[in-house]
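Before any comments, here is the structure.
Quantities reported herein were computed from a predicted structural model and do not represent experimental measurements. Lettering follows sequence order; numbering is per chain, from 1.
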Amino acid sequence: MAEIPKGYLPAEVEEDWYRRWVEAGCFHADASSSREGYSIAIPPPNVTGILTLGHVLNNTIQDILARRARMQGKEVLWLPGTDHAGIATQAKVEAHLRKTEKKTRHDLGREDFIERAWQWKNKHGNIIIKQLKRLGCSCDWERERFTMDHDYSSQVQETFVALFNAGLIYRGKRMVNWCPGSLTALSDEEVIMKPRKSKLYYMRYELVDSPGEYLEIATTRPETLMGDTGVAVNPKDPRYGKLLGRSAWRPFPRKEIPIVADEHIDPEFGTGVLKVTPAHDKADFDIGQRHGLEIVDVFNPDATLNANAGEEFEGMDRFEAREKAVEKLESLGLLVRVEDYENNVGYSERADVPVEPRISMQWFLRYPQVQGAIAAVESDAIRFIPERWKKTYLHWMENIQDWCISRQLWWGHRIPVWYRKGKAEALQNAESLDAETAGGDLHVGHQPPDDPENWVQDPDVLDTWFSSWLWPFATMDDPTRKRFYPTTDLVTGPDIIFFWVARMIMAGLQFTGHNPFANVFFTGIIRDIKGLKMSKSLGNSPDPLDLIDKYGADGLRFGIMRIAPTGQDIRYDETQIEEGRNFANKLWNAARYRQMQGAGSSDLQSSISDLPSDSLSIYALDILSKLDALEKNIAEAYARYRFNEIAQLLYDFFWSEFCDLFLESVKIHFREDADPGARESALRVFDVILSRYLLQLHPYMPHISEELWEKLGCGANPPFLMQTQLRTDSVLDGMPADRLAEASQRAGALYQAASQLRNLKAEYNLAASKAVRFLLEPAEEWVADETDTLCLLAGAAGIELARGAADAPAGKAPAAITPLGKFHMPLDGLIDVEAEHARLGKELQKVEAELKKVTAKLENEKFTSRAPAEVVEEMRQRMESWNRRRDQLGEMIDGLG
RNA sequence: GCGCGAUUAGCUCAGGGGUAGAGCACAUGCUUCACACGCAUGGGGUCGUUGGUUCAAAUCCAACAUCGCGCACCA
């Protein structure tokens with residue numbers, strides 16, 4: 001055994017152990033192994049991102065599952081990697097270009113820009129991977145993947161081609177969500193609705209055939225009125241029937257526009273009259289289609305206004321144009337009034353600017369395997385934990401909309417479609433496009449055409465999620481796939497249930513014929529202490545690396561796991577992480593204490609079975625029972641993915657049971673004058689508990705557990721704790737149950753008595769260290785054998801046994817009624833009768849309150865006749881014991897005079 | 001509007017039909033020979049409201065309130 005320093009210094013051991021594990025290949029999954037397989041595919045973090053607390057939570061859970069599975073003898077693959085995060089990465093590289101060279105991507109051109117993006121990725125791309133390593137993640141780094149790796153990209157393209165050939169991918173001119181910040185289309189999922197304080201502008205349009213007569217219209221977006229091509233009312237609205245078939249003047253640019261009737265209009269809202277701007281609103285677009293209205297787009301792609309809006313608006317920003325349009329309406333006498341109004345505005349998830357509904361030519365996917373994906377989750381073939389996310393998933397799946405998969409970006413998987421030169425422009429502007437209508441002028445293939453000089457490739461790239469939906473299998477080569485696919489568990493946040501989980505299920509079914517995973521565990525979302533979601537823009541997200549420096553990776557892991565309930569959001573509080581560190585230190589020092597006692601006569605892995613059973617103290621049997629229960633409870637909690645419960649079990653056992661009770665109670669055997677047999681037995685139990693405990697702890701705190709395993713000399717073969725199998729035998733094998741029950745009962749009674757004695761001392765302001773003598777009227781004979789331990793625990797100089805009531809202490813002494821009997825604490829000075837009166841009186845009050853409750857129950861005939869017999873019996877016993885206690889307290893109070 | 005979740009000690013949260021729990025914070029006392037990242041002792045809660053089911057409700061059910069989230073959305 002090597003010497004253990006006084007305080008635990010994580011920085012000195014964590015990185016070292018990580019290196020040793022990696023060098024020994026501990027994380028590598030052997031596809032040719034005959035063991036039962038277990039696999040997890042990491043949710044690939046953004047390659048240019050940095051670790052957040054969300055990642056810490058998510059990846060710690062995966063690491064726990066992976067490490068536990070290894071210790072259960074499984075062949076474990078935890079497959080790591082990153083995704084290319086199209087919009088985010090491109091935005092970062094563009095910002096960098098702008099800042100350092102004052103250039104745009106167009107200044108560089110596509111090829112150079114992509115080259116820059118790769119440089120950026122190579123420079124910053126491994127930060128998050130390094131951070132995961134600091135956290136202790138046992139990923140198989142030899143299998144690390146990136147969504148733009150050559151192999152992976154090929155699979156993405158093959159997928160596109162297959163879906164195109166199956167008629168599921170099509171091109172069409174549709175109303176899509178357009179991000180004016182990133183200048184690309186987005187999927188519906190990438191739009192975040194936010195409530196905004198806006199204004200509702202009431203304006204009036206003049207009727208063409210009746211000058212001086214006006215229609216009042218309410219709108220939140222006056223800047224789009226230049227694109228109005230109609231006015232709509234509800235056909236059932238009695239106020240407006242007379243308007244149908246007539247027309248109104250759009251004020252500017254002045255134009256006659258028709259008034260149409262459409263069911264979509266809500267007569268209750270505003271004035272019941274809607275201005276219809278088919279180019280800039282999805283609902284208006286639909287109305288326009290139904291009534292054959294013209295489509296006039298007044299915006300440029302960056303949401304400045306174009307020439308259609310009129311000269312005075314051209315080039316103006318959309319929000320500036322809003323002000324200007326309002327001013328202009330006012331000056332024309334057409335603005336009626338303005339009201340404050342709160343409505344929901346769609347924002348781009350990545351660029352955080354309001355999206356514009358915009359008609360454009362995009363690629364869409366009709367999702368494959370929708371029914372199969374619904375069935376898989378509905379039937380629990382794929383289990384969701386917590387189960388309630390099933391409902392969210394099913395609701396989305398049942399209302400699924402086609403997926404806009406093209407993005408107007410350069411960084412990503414370029415769409416594998418080529419147009420014949422000369423025909424390209426026409427094909428790209430066609431209303432729709434498929435292989436048939438294009439004839440031989442379209443090439444859709446994993447390989448470019450043989451005569452590339454005659455072709456033009458589609459400029460768009462694919463949505464990043466169109467690559468990550470293949471992640472669980474596209475990351476695996478054939479032997480790996482054969483062995484580890486489908487994967488076992490997926491650990492992710494509920495915020496990407498549509499983005500990723502649902503799509504992976506459909507892709508898995510479509511391309512592999514299998515569900516990609518068996519279980520999906522949804523973590524909570526980490527919020528700050530005020531309940532706000534952590535984000536970089538709010539600056540409320542601590543850097544996990546700082547936390548690791550401060551508290552150690554194990555401290556961070558343990559702290560975060562202890563507050564991570566299943567599927568509930570987590571309010572982050574740094575004191576929790578501090579707790580994790582403190583716990584690590586506690587472990588360290590308990591091990592240090594063990595080490596100071598010197599070696600035992602046997603190695604740590606042996607069990608208690610070869611010790612003479614009668615050498616085991618009641619404290620030993622008690623803690624061994626608790627260890628046995630701990631192992632069982634942990635196993636159950638793992639089966640239910642109750643990670644916080646496991647952390648709590650580990651914490652309570654070690655701190656409250658092992659250190660506070662057992663460790664303190666065996667200290668007498670480590671004194672110089674101790675009996676060697678008892679000492680040996682205590683050491684052996686100590687070692688059995690520690691070694692078995694470290695096995696349980698390891699997935700949560702891998703570094704410190706490994707370090708202690710080595711320092712205590714547990715790890716002869718195999719060398720690493722992380723490769724050691726969990727014991728499947730009970731530590732109590734062969735121990736008669738009645739003996740255990742008796743020992744636990746006695747130890748429990750003694751611990752409680754010790755606590756009461758400490759309390760008695762404290763009530764009399766006696767320092768815990770002040771050795772006091774007690775006189776005991778024992779309730780049980782065995783107590784005589786345990787007075788040494790009791791003295792140690794209670795801080796007593798000695799305990800004298802009274803031989804009966806006659807032996808009661810001379811004079812008055814404060815006393816405590818304990819499960820071991822009545823203890824008197826003779827004081828040197830005079831007893832403070834008044835204080836003692838108060839103390840006992842308070843206790844008596846409590847006892848009487850309890851007694852009242854129990855008595856009321858037992859006097860209720862309905863209770864005694866209907867409640868289960870054992871409950872009634874328990875109440876009877878409770879009443880008896882409260883009664884006894886009350887009588888004793890009464891006597892004591894009387895005795896005070 | 002629909003759906004989901006939360007409401008327990010000052011704070012952060014466990015628990016869950018049959019004596020209300022933890023950590024932190026607080027108070028008091030400890031340089032007790034593993035640990036002050038510690039030890040000991042203590043104070044502190046009618047478990048959101050109102051009904052219902054039950055011998056028994058903080059726990060199950062319903063409604064309501066408040067907060068949060070998701071989906072949809074009336075311009």
- Query: If you look at every strand shown and take non-hydrogen atoms under 4.0 Å, does A:Pro868 touch a base, only sugar-phosphate, or nothing?
  - Reply: base
- Query: Distance between the C1' atoms of B:C64 and B:A6, in whole angstroms?
  - Reply: 16 Å
- B:C4 and B:G17, which share atom name C1', separated by this distance in whole Å: 25 Å
- Message: Suppose you measure atom C1' in B:A25 against the same atom in B:A62; what distance do you get, rounded to whole Å?
- Response: 38 Å
- Which atoms form the tightest heavy-atom contact between A:Leu792 and A:Arg671, and what is the distance? CD1-NH2, 3.4 Å
- Message: Base, sugar-phosphate or nothing for A:Tyr341? Non-hydrogen atoms, less than 4.0 Å.
- Response: sugar-phosphate
- Item | Nearest-nucleotide 5' precedence on RNA chain B, A:Asp266 against A:Trp882 | A:Trp882
- Answer with base, sugar-phosphate or nothing: what part of the nucleic acid does A:Arg758 contact at a heavy-atom distance below 4.0 Å? sugar-phosphate
- Query: Ignoring hydrogens and geometry, is there a side-chain-to-backbone donor-acceptor pair from A:Ser865 to A:Lys862 under 3.5 Å?
  - Reply: yes
- Item | Shortest non-hydrogen separation from A:Arg886 to A:Leu844 and the atoms involved | CG-CD1, 3.6 Å
- May I have the distance from A:Arg642 (atom CZ) to B:A14 (atom P), rounded to whole angstrom? 9 Å
- P-based separation of B:G38 from B:C71 [nearest Å]: 43 Å
- Message: Counting only side-chain heavy atoms from C-beta out, which of B:A20, B:C37, B:G18 sits nearest to A:Ala867?
- Response: B:G18
- With a 3.5 angstrom cut-off on both distances, give the Watson-Crick or G-U wobble partner of B:A65, or none if there isn't one. B:U7
- Checking B:C55, B:C39, B:U41 against the side chain of A:Asp660 (C-beta onward), the nearest is B:C39
- Measure from the side chain of A:His395, starting at C-beta and using heavy atoms only, and say which of B:A75, B:G18, B:C71 lies closest. B:C71
- Message: Classify the ring geometry of A:Tyr593 against A:Phe686: parallel below 30°, tilted from 30° to 60°, perpendicular beyond 60°.
- Response: tilted
- Task: Write down the partner of B:A27 under the Watson-Crick or G-U wobble criteria, each distance required to be under 3.5 Å.
- Result: B:U41
- Task: Name the closest nucleotide to the A:Met193 side chain, picking from B:C74, B:C73, B:U41.
- Result: B:C73
- Task: Whole angstrom is fine here: how far is it from CG in A:Asn644 over to C1' in B:A22?
- Result: 12 Å
- Query: Could you give the CE-to-P distance, from A:Met875 to B:G17, as a whole number of Å?
  - Reply: 15 Å
- Kindly point out which of B:A75, B:G23, B:G43 is positioned nearest to the side chain of A:Asn343? B:A75
- Donor-acceptor contact present, side-chain A:Asn860 to main-chain A:Ala856, <3.5 Å: no
- Query: Any donor-acceptor pair under 3.5 Å joining the side chain of A:Asn344 to the base of B:C73?
  - Reply: yes
- Task: Quick one: label A:Glu342 by what it contacts on the DNA or RNA (base, sugar-phosphate, nothing), any heavy atom closer than 4.0 Å.
- Result: nothing
- Note on the structure: Paired to B:C13 by Watson-Crick or G-U wobble criteria (both distances under 3.5 Å) is B:G21
- Query: What are the two closest heavy atoms between A:Gly270 and A:Ala218, and how far apart are they?
  - Reply: CA-CB, 4.2 Å
- Note on the structure: Taking a pair to mean Watson-Crick or G-U wobble geometry with both distances below 3.5 Å, B:U53 pairs with none
- B:G18, B:A75, B:C37: which one has an atom nearest the side-chain heavy atoms of A:Asn585? B:C37
- Query: At under 4.0 Å between heavy atoms, what does A:Ile497 touch on the DNA or RNA strands: base, sugar-phosphate, or nothing?
  - Reply: nothing
- Can you tell me how far P in B:A40 sits from the matching atom in B:G18, rounded to whole Å? 30 Å
- Message: Taking 4.0 Å as the cut-off, does a side-chain nitrogen or oxygen of A:Arg571 come that near to OP1 or OP2 on B:U12?
- Response: yes
- Message: Rounded to whole Å, how long is the line connecting atom CD of A:Glu263 with atom P of B:C74?
- Response: 16 Å
- Write down the distance separating the P atoms in B:A58 and B:A20, rounded off to the nearest Å. 10 Å
- Would you say B:G38 has OP1 or OP2 under 4.0 Å from some side-chain N or O of A:Asn589? no
- Measure up the A:Tyr619 and A:Tyr751 rings against each other and bin them: parallel (under 30°), tilted (30 to 60°), perpendicular (over 60°). tilted
- Task: Measure distances between side-chain N and O atoms of A:Glu664 and base N and O atoms of B:A34, and say whether any donor-acceptor pair falls under 3.5 Å.
- Result: yes
- For A:Gln576 and B:C13, give me the distance from atom CD to atom P, rounded to whole Å. 8 Å
- Message: Need to verify one output field. Residue with the more 5' nearest nucleotide on RNA chain B, A:Lys862 or A:Thr392?
- Response: A:Lys862
- Message: Is A:Lys586 close enough to B:C39 that one of its side-chain N or O atoms is under 4.0 Å from OP1 or OP2 there?
- Response: yes
- Could you state the atom-to-atom distance from NZ of A:Lys852 to C1' of B:U19 in whole Å? 16 Å
- Message: Using the P atom as the point on both nucleotides, what is the distance between B:G10 and B:C2, in whole Å?
- Response: 35 Å
- B:U28 phosphate, OP1 or OP2: any side-chain N/O from A:Lys761 under 4.0 angstrom? no
- Take atom P in B:A14 and the same atom in B:U19, then report the distance between them in whole Å. 22 Å
- Name the closest nucleotide to the A:Arg581 side chain, picking from B:U19, B:C37, B:A34. B:C37
- Message: Can you measure A:Asp284 atom CG to B:C74 atom P for me and round it to whole angstrom units?
- Response: 9 Å
- Task: Calculate the interatomic distance between A:Gln648 atom CD and B:A14 atom P; express it in whole Å.
- Result: 11 Å
- Checking N1-N3 plus N6-O4 or O6-N4 for Watson-Crick, or N1-O2 and O6-N3 for wobble, each under 3.5 Å, the partner of B:C71 is B:G1
- Evaluate the side-chain proximity of A:Glu263 to A:Lys236: yes if any heavy-atom separation is below 4.5 Å, no if none is. yes
- Item | N or O in side chain of A:Asn759 less than 4.0 angstrom from B:A40 OP1/OP2 | no
- Query: OP1, OP2 of B:C4 versus side-chain N and O of A:Lys391: anything below 4.0 Å?
  - Reply: yes
- Task: Return the nearest nucleotide to the side chain of A:Trp655; candidates are B:A75, B:C39, B:G18.
- Result: B:C39
- Task: May I ask you to say what A:Lys667 touches in the nucleic acid, namely base, sugar-phosphate or nothing, with a heavy-atom cut-off under 4.0 Å?
- Result: base
- With side-chain hydrogen bond (donor to acceptor under 3.5 Å, both in side chains) as the test, would you mind laying out the steps for A:Glu190 and A:Ser187 before giving the verdict? CA-CA 5 Å; A:Glu190 289 163 281; A:Ser187 67; 2.8 Å; yes
- Note on the structure: Among the nucleotides B:C74, B:U12, B:C35, whichever has the atom closest to the side chain of A:His264 is B:C74
- Cut-off 3.5 Å, side chains only: do A:His291 and A:Asp262 have a donor facing an acceptor? yes
- Nearest-neighbour nucleotide for the A:Ser755 side chain, B:U41, B:U19, B:C35 considered: B:U41
